[in-house]
Amino acid sequence: ATIAREFQQENFHAIDVEGASYGSHLIPLAGGAAQGMLVPSQQALFLGEDAKLVPAVATFDHWINQVDPGFGIAAWGLDAWASGVLFGQALKNAGKNPTRASLMAALNKITSFDADGLVATSNPAANLPSQCWMLAEVNGSKFERVSPPDPKDGGFVCNPGGLLYTSNYTPMKRNS
């Protein structure tokens with residue numbers, strides 16, 4: 001929001017691409033200065049825009065507003081929710097009387113995870129992030145999908161070849 005306002009103040013009209021800025025506070029804080037801002041993300045539009053085609057968005061929004069009404073919703077909230085979904089999935093798969101070892105073994109078997117469509121599919125077992133993304137644009141007082149335009153098409157663009165990793169990139173290993 002600050003960068004957008006400062007660009008506007010300086011009459012600087014660059015294409016403004018802001019990662020990790022999608023959330024309920026950006027547009028009110030930036031006002032008209034956010035108009036046209038592009039926001040890449042690996043999350044569904046969780047402020048309600050994707051709720052009709054991604055039912056988990058409505059569930060997430062409902063419970064966030066129950067827990068902290070009026071505070072607003074930020075990306076870290078969705079990340080925490082998705083982590084809880086992953087934990088729940090692993091706990092369910094860890095057996096009738098789960099132990100730390102069975103929970104870790106279950107986590108290490110989850111090779112495809114998207115938190116019911118809330119996040120782009122990743123591979124938690126290999127600790128590899130998603131190689132997919134979506135792009136939204138600020139249009140007036142709301143965010144609109146640019147690419148892919150319709151979440152029913154999978155919600156995210158997955159590039160052939162995926163992310164660029166440096167030659168020395170190694171995924172972190174989960175401690176047991």
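Just so it is clear, the structure is predicted and the values come from calculations on it, not from any experiment. Values reported hereafter were calculated over all heavy atoms of this structure, with side chains retained and with hydrogens, waters and symmetry mates removed.
The shortest non-hydrogen separation linking Gly72 to Ser24 is CA-OG, 3.0 Å. Scanning both residues, Cys132 and Ser130, for their nearest heavy atoms gives N-OG, 2.9 Å. When every heavy atom of Phe143 is checked against every heavy atom of Val39, the shortest pair comes out as CE2-CG2, 4.0 Å. Closest heavy-atom contact between Ala90 and Ala106: O-CB, 3.3 Å. Of all non-hydrogen atoms in Phe113 and Pro124, the two that sit nearest each other are CB-CG, 3.6 Å.
Here the CD1 atom belonging to Ile27 is positioned 9.0 Å from the CG atom belonging to Asn139, to the nearest 0.5 angstrom. His62 contributes atom NE2, which lies 4.0 Å from atom CD of Gln66 (distance to the nearest 0.5 angstrom). Separation of atoms CD (Glu49) and CG (Asp61) is listed at 8.5 Å; rounding is to 0.5 Å. Annotation: the span from Leu26 atom CG to Leu47 atom CG amounts to 10.0 Å, rounded to 0.5 Å. Taken to the nearest 0.5 Å, the CD1 atom of Ile73 stands 9.0 Å off from the CG atom of Leu78. Taken from CG in Leu29 to OG in Ser21, the straight-line distance is 11.5 Å, to the nearest 0.5 Å.
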Which is it for Glu10 and Gln8 under the side chain to side chain contact (heavy atoms under 4.5 Å, CB included) test, yes or no, and what are the steps along the way? CA-CA 5 Å; Glu10 295 299 322; Gln8 185 180 53; over 6 Å; no
Quick one: do Leu103 and Phe87 satisfy side chain to side chain contact (heavy atoms under 4.5 Å, CB included)? Show the steps, please. CA-CA 9 Å; Leu103 178 64; Phe87 178 82; 3.5 Å; yes
Apply side chain to side chain contact (heavy atoms under 4.5 Å, CB included) to the pair Tyr22 and Phe46, showing each step before the final yes or no. CA-CA 9 Å; Tyr22 174 74; Phe46 55 80; 3.3 Å; yes
Dump the intermediate steps for side chain to side chain contact (heavy atoms under 4.5 Å, CB included) on Leu38 and Val138, then the final yes or no. CA-CA 7 Å; Leu38 298 172; Val138 175; over 6 Å; no
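Using a 4.5 Å heavy-atom threshold, the side chains of Phe60 and Asp116 count as separate. With contacts defined as side-chain heavy-atom distances shorter than 4.5 Å, the pair Asp50/Arg145 qualifies. The shortest distance between side-chain heavy atoms of Pro40 and Val17 falls below 4.5 Å. Residues Gln43 and Asp79 form a side-chain contact, since some pair of their non-hydrogen atoms from C-beta on lies under 4.5 Å apart. Two residues are said to be in side-chain contact when any heavy atoms from C-beta on lie closer than 4.5 Å; Val57 and Leu118 meet this criterion. Under the 4.5 Å side-chain criterion, counting only non-hydrogen atoms from C-beta, Ile3 is in contact with Glu18. By the 4.5 Å heavy-atom criterion applied to side chains, Ser122 and Gln131 are not counted as neighbours. Put simply, the side chain of Ile110 does not reach to within 4.5 Å of the side chain of Asn123, judged on heavy atoms.
Under the rule for a side chain to side chain contact (heavy atoms under 4.5 Å, CB included), the partners of Val157 that lie at least two apart in sequence or sit in another chain are Trp133, Ser147, Pro148, Asn159. With sequence neighbours left out, the ring-ring contact (aromatic ring centres under 6.0 Å, His included) criterion links Phe7 to Phe12.
Hydrophobic clustering of Ile, Leu, Val, Met, Phe, Trp and Tyr side chains at less than 4.5 Å, counting indirect connections, keeps Trp81 apart from Trp76. Put simply, Leu86 and Trp63 are part of the same group of oily side chains (I, L, V, M, F, W, Y) that touch within less than 4.5 Å, one to the next.
No donor-acceptor distance shorter than 3.5 angstrom exists from the side chain of Thr121 to the backbone of Asp114, with no hydrogens or angles considered. Side-chain N or O atoms of Glu137 include none that pairs as donor or acceptor with a backbone N or O of Met37 at under 3.5 Å.
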